[in-house]
Amino acid sequence: MGKGLVDKLQGEFNITTEWMPLEIHPETPKEGKLIKDALPHVPIDGMKSQLNMAGKPYNITFGDFDRLSNTKDALIISEFAKDKGQFECFHTRLFEAYFVEGLDIGNLDILKRLGEECNLNASEMESALTNPKYAKIIEETNEEARKLGATGTPTFIINNKYRVVGAQPYENFVEILKKIQNNEV
């Protein structure tokens, strides 16, 4: 939804975006975990219903995902994809794979397949996973995100001072951006 929201806003406002990786649940084991076990206090059906309602204006229909994936490798490969000029494609495919197709984006074989769909080389993706450059980027952006108060995704930081957490209605962003445009904040 964050991407759909940003795409729509870019049609109305002159904005630039920088997608930053954020590991929401770094404690998730490498093999992932069932959402019902990882988040026992969350009513899963209600969450999925809310996601589908929020995604409707952007033509996003969430599928039947039931697994909380360990996303560290996905985030590292996303940074590698930025270097290769394929971030937009890989980012889109990651979200589709997880939220629509219900795939485990912590699984390296799935990540390589998604990357190959975006013209990324599988062996280079594997090498990126052990490249300290990418691990450092993830570590630094996680720290920066926490300092900015990002506790979930999507989190939008506007002009490095206004924070909007979660999939808020489009109108909320329009209101904030108009105030910024008119120097009202």
Side-chain touch [X]/[Y], heavy atoms, less than 4.5 angstrom:
X	Y	result
E101	R93	yes
I138	I76	yes
F156	V6	yes
V100	F62	no
D7	Q10	yes
P29	N70	no

Linking directly or through intermediates, with side-chain heavy atoms under 4.5 Å: list the remaining ILVMFWY members grouped with L148, chain and number order. I157
Y170 and L9: side-chain contact (heavy atoms from CB on, under 4.5 Å), yes or no, with the steps? CA-CA 8 Å; Y170 178 78; L9 287 168; 3.4 Å; yes
Can you tell me how far [atom2] of [Y] sits from [atom1] of [X], rounded to the nearest 0.5 angstrom?
X	Y	atom1	atom2	value
I35	S69	CD1	OG	8.5 Å
E79	I137	CD	CD1	5.0 Å
F80	L111	CZ	CG	12.5 Å

Is the CG atom of D45 crowded by more than 12 outside heavy atoms at less than 6.0 Å? no
Is the shortest side-chain N to carboxylate O distance from E12 to K8 below 4.0 Å? no
Taking 4.0 angstrom as the limit, do E116 and K112 come out as a salt bridge? no
What residues, two or more places apart in sequence or in another chain, satisfy ring-ring contact (aromatic ring centres under 6.0 Å, His included) together with Y98? F65
Taking all non-hydrogen atoms of both residues into account, name the closest pair between A81 and F90 and its distance. CB-CB, 3.9 Å
Output all residues satisfying side-chain contact (heavy atoms from CB on, under 4.5 Å) with A38, sequence neighbours left out; order by chain, then residue number. K33, L68
Taking side-chain contact (heavy atoms from CB on, under 4.5 Å) as the test, write out the residues that go with D66, two or more places apart. L34
Please output the side-chain donor-acceptor pairs of residues 15-28 that fall under 3.5 Å, not counting sequence neighbours, one pair per line with the distance.
unit_1	atom_1	unit_2	atom_2	d
E23	OE1	N142	ND2	3.4
H25	ND1	E27	OE2	3.0
T28	OG1	H25	O	2.9

Stacked cation flag K82 on F87, 6.0 angstrom / 45 deg: yes
I'd like to know if the side chain of R113 and the backbone of L108 have a donor-acceptor N/O pair within less than 3.5 Å. no
From the list I110, I105, L129, side-chain contact (heavy atoms from CB on, under 4.5 Å) partner of D73 resolves to L129
Go through it in stages, so that I can follow the logic: the residues are E117 and L114, the test is side-chain contact (heavy atoms from CB on, under 4.5 Å), and I'd like the CA-CA distance, side-chain angles, deciding distance and then a yes or no. CA-CA 5 Å; E117 290 175 18; L114 297 173; 4.2 Å; yes
Any salt bridge (charged side-chain N to carboxylate O under 4.0 Å, His left out) involving residues 130-146? Give me the pairs, sequence neighbours left out, ordered by first then second residue. D83-K133, K136-E140
